[in-house]
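As structure tokens, the structure follows; a few thoughts come after it.
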Amino acid sequence: MTRKETFDDETFECSRCSNVVDQFDENCDVCGHIFTNIIDFSNRENKHKAISYKIAELNGYEVLVSTLNNYDKGNIQFIVEADSQLALRIKYFVHNNKADFLENGLTQYKLIDYEDFILMELENEEYYIHKNLLNNKNMEYESKSSFLKHIKQKRFENIFVYEDDWIDLEYTLDYKNLLKECISYIRPETFFYFFYSIITYYDFEKKLKTLPNNEQLLSLFKEGSKKILKESCYVVIEKYENPEDVLILSYPWENYHINYSKLVDPLKTATQHFINHSYRIYEVLGIDKNGDPYEAEESEIFFQNLMYMGIRMAHTRIVNELNNNSNFGCEIISSFNNSELIIYLTPEGFRNQTAILKMSVEEKLKMFNSFLNENKIKRIDTDILRKKLDTNILLEYEGKIYKHYFHFSEYSNDFMSNRINKKHLSSILQEGQANFKEVIN
């Protein structure tokens with residue numbers, strides 16, 4: 001007998017004459033064909049048929065989301081690790097259109113032990129989720145794939161220094177330098193990094209819910225930021241079998257998440273303005289001089305690479321600072337033709353962000369200056385030099401001078417100016433970080 005599926009309906013046909021039969025029949029009442037694939041219905045309360053499946057992601061794991069049919073429970077949905085025995089069996093049965101029970105032919109009494117699952121509601125649907133996917137005790141900070149691999153850095157006491165070749169994409173040196181130049185302007189790491197604050201404030205603090213530990217917040221960050229990357233930046237994660245597969249989150253995707261993800265559009269427009277202002281950039285990206293950078297495929301790929309590096313930079317920073325009790329952290333990053341010193345809120349700082357914002361200016365400055373002193377970053381207090389370099393604050397570290405700067409250029413717009421041209425303390429507390437550019441003599 002052959003199983004046929006039409007939308008959500010399931011029927012069985014005789015493989016010889018195509019007569020519709022009952023799945024329990026032993027032979028066809030039209031042609032007399034004897035069915036050899038008789039299904040054993042004993043122990044059927046513990047048996048399941050595979051209806052469909054898709055690949056998705058949950059809690060940082062690649063998972064298989066499947067619909068199974070059970071005699072007692074009807075159609076039910078399961079989420080399991082994609083490489084588990086159950087997942088592999090479901091794939092095999094669906095691909096081969098097998099109407100048999102998943103458990104038939106196995107030596108164990110049960111393939112699915114409901115005690116290993118937790119029934120949860122995700123996005124208004126109920127799923128049996130394997131407990132392994134909800135257990136953070138042994139959670140690896142790095143993704144199982146290379147998708148969120150660490151940015152290449154060295155650590156000097158509490159300061160993380162990017163290596164010169166930290167952009168490890170397979171492009172020319174000119175292309176990588178162009179990415180560095182654009183990252184310094186667009187700051188995609190800030191966009192993803194501040195999403196950590198969105199989760200902390202809107203998903204917990206504003207709802208008067210107790211904040212989970214930093215490892216759990218990191219897991220939520222990875223889920224949501226990957227969803228933004230895939231669905232708003234259209235970066236296809238290679239490990240997925242189908243680009244259309246959705247990311248199923250372990251928490252509701254609410255309006256404030258959606259609204260924040262919409263900021264990708266003006267960031268993309270700003271990147272296109274950046275590309276459009278120079279034929280040098282056209283040449284590096286391979287755009288025809290008479291082409292339209294706002295429609296060019298090369299521009300789209302460049303923006304995707306930009307945001308891909310941004311999420312990795314943000315993820316690297318969070319992992320670096322998970323156990324830091326200070327509210328501030330510091331990186332030094334090699335940019336296009338100089339380096340930048342970046343001071344940012346740590347995960348601990350985001351936990352305390354609301355309280356810090358309520359402090360007086362004097363209290364904020366005292367906290368900031370204490371961080372500088374603790375990390376051997378010297379503040380240069382000379383009005384003459386600040387005026388000469390057109391900045392309100394100069395910092396010195398390891399013999400190099402860095403100035404906080406505003407970015408005004410012919411390709412800038414109001415959105416970017418409002419985003420990156422705040423005073424240094426406001427930039428740290430309201431955007432998550434402030435950039436200080438090395439002064440080259």
Side-chain angles (χ1 to χ4, degrees), residues 52-67 77 79 82 120-125 127 129 133 143-149 169 179 182-183 186-203 217-272 294-316 318 415 419 432:
S52 62
Y53 81 88
K54 62 186 175 184
I55 301 297
E57 182 161 324
L58 174 70
N59 240 12
Y61 292 88
E62 181 179 292
V63 297
L64 181 137
V65 182
S66 63
T67 300
Q77 298 188 91
I79 300 180
M120 291 182 61
E121 183 174 307
L122 300 178
E123 299 181 355
N124 299 319
E125 292 191 50
Y127 296 87
I129 304 177
L133 299 171
S143 172
K144 287 185 175 181
S145 72
S146 61
F147 174 64
L148 282 181
K149 65 181 179 180
L169 306 180
L179 275 173
C182 194
I183 285 171
I186 298 296
R187 302 180 189 177
E189 78 281 14
T190 308
F191 168 75
F192 286 109
Y193 191 58
F194 198 77
F195 183 68
Y196 191 95
S197 174
I198 297 294
I199 295 171
T200 302
Y201 180 72
Y202 285 100
D203 286 295
L217 285 172
L218 172 62
S219 179
L220 300 180
F221 163 82
K222 287 198 293 187
E223 288 186 71
S225 58
K226 285 183 182 181
K227 184 178 180 72
I228 293 174
L229 188 73
K230 184 171 187 289
E231 297 177 8
S232 298
C233 306
Y234 306 108
V235 175
V236 177
I237 302 171
E238 292 182 357
K239 65 182 181 179
Y240 282 10
E241 293 184 356
N242 188 335
E244 301 302 319
D245 288 338
V246 297
L247 297 183
I248 297 178
L249 304 185
S250 62
Y251 57 98
W253 193 247
E254 302 194 42
N255 284 336
Y256 47 84
H257 301 119
I258 296 170
N259 290 335
Y260 190 78
S261 67
K262 290 179 180 177
L263 294 180
V264 168
D265 291 334
L267 287 175
K268 182 176 182 179
T269 300
T271 303
Q272 292 168 333
Y294 296 91
E295 299 293 335
E297 181 180 358
E298 293 83 359
S299 294
E300 181 72 25
I301 294 173
F302 182 79
F303 179 70
Q304 290 174 341
N305 286 326
L306 189 80
M307 300 303 279
Y308 170 65
M309 292 305 303
I311 191 175
R312 287 179 56 196
M313 293 167 73
H315 177 260
T316 297
I318 295 170
F415 170 79
R419 182 171 176 266

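- In this structure, CE on Met307 lies 16.0 Å from NZ on Lys230, to the nearest 0.5 angstrom.
- Scanning both residues, Tyr256 and Ile198, for their nearest heavy atoms gives CD1-CG2, 4.3 Å.
- Under the 30°/60° scheme for interplanar angles, the aromatic rings of Tyr260 and Phe191 are found to lie parallel.
- Listed here is the closest heavy atom pair of Gly432 and Tyr193: O-CE2, 4.1 Å.
- Within the 4.5 Å cutoff, no side-chain heavy atoms of Leu64 are placed close to those of Ile79.
- Taking every heavy atom of both residues into account, Cys182 and Thr271 meet most closely at SG-CG2, 4.1 Å.
- Within the model, atoms CG of Leu217 and OG1 of Thr200 stand 5.0 Å from one another, a figure rounded to the nearest 0.5 Å.
- Applying the side chain to side chain contact (heavy atoms under 4.5 Å, CB included) test between Val235 and each of Leu229, Ile228, Asn305 identifies Leu229 as the sole match.
- The closest donor-acceptor contact from the side chain of Gln77 to the backbone of Val65 lies at 3.5 Å or more, if one exists at all.
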### Task
For Phe303 and Val264, run side chain to side chain contact (heavy atoms under 4.5 Å, CB included): C-alpha distance rounded to whole Å, both residues' side-chain angles, the deciding distance at 0.1 Å, then the answer.
CA-CA 10 Å; Phe303 179 70; Val264 168; 4.0 Å; yes
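- Taken to the nearest 0.5 Å, the CG atom of Leu179 stands 11.5 Å off from the CD1 atom of Ile186.
- Between the side chain of Glu223 and the backbone N or O of Ser250 there is at least one donor-acceptor pair closer than 3.5 Å.
- Residues Asn259 and Lys262 form a side-chain contact, since some pair of their non-hydrogen atoms from C-beta on lies under 4.5 Å apart.
- A donor-acceptor pair under 3.5 Å is absent between the side-chain atoms of Arg419 and the main chain of Leu267, judged by distance alone.
- Here the closest non-hydrogen pair linking Lys226 and Ile311 is N-CD1, 4.0 Å.
- Between the side chain of Tyr251 and the main chain of Leu220, a donor-acceptor pair closer than 3.5 Å is present.
- The distance from atom CD of Glu254 to atom OH of Tyr202, rounded to the nearest 0.5 Å, is 12.0 Å.
- Counting only heavy atoms from C-beta outward, the side chains of Phe415 and Thr269 never approach each other to under 4.5 Å.
- Note that OG of Ser232 is 9.5 Å distant from CD1 of Ile258, once rounded to the nearest 0.5 Å.
- Contact between Glu189 and Ala314 at its shortest, heavy atoms only, is O-CB, 3.7 Å.
- Counting all heavy atoms, side chain and backbone alike, Lys149 lies closest to Thr316 at O-OG1, 4.4 Å.
- Between Ser261 and Glu231, the side chains place no donor N or O within less than 3.5 Å of an acceptor N or O (distance only, hydrogens not considered).
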#### Entry: Phe221 vs Phe192, ring pair (Phe, Tyr, Trp, His ring centres under 6.0 Å): CA-CA, chis, key distance, verdict
CA-CA 9 Å; Phe221 163 82; Phe192 286 109; 7.5 Å; no
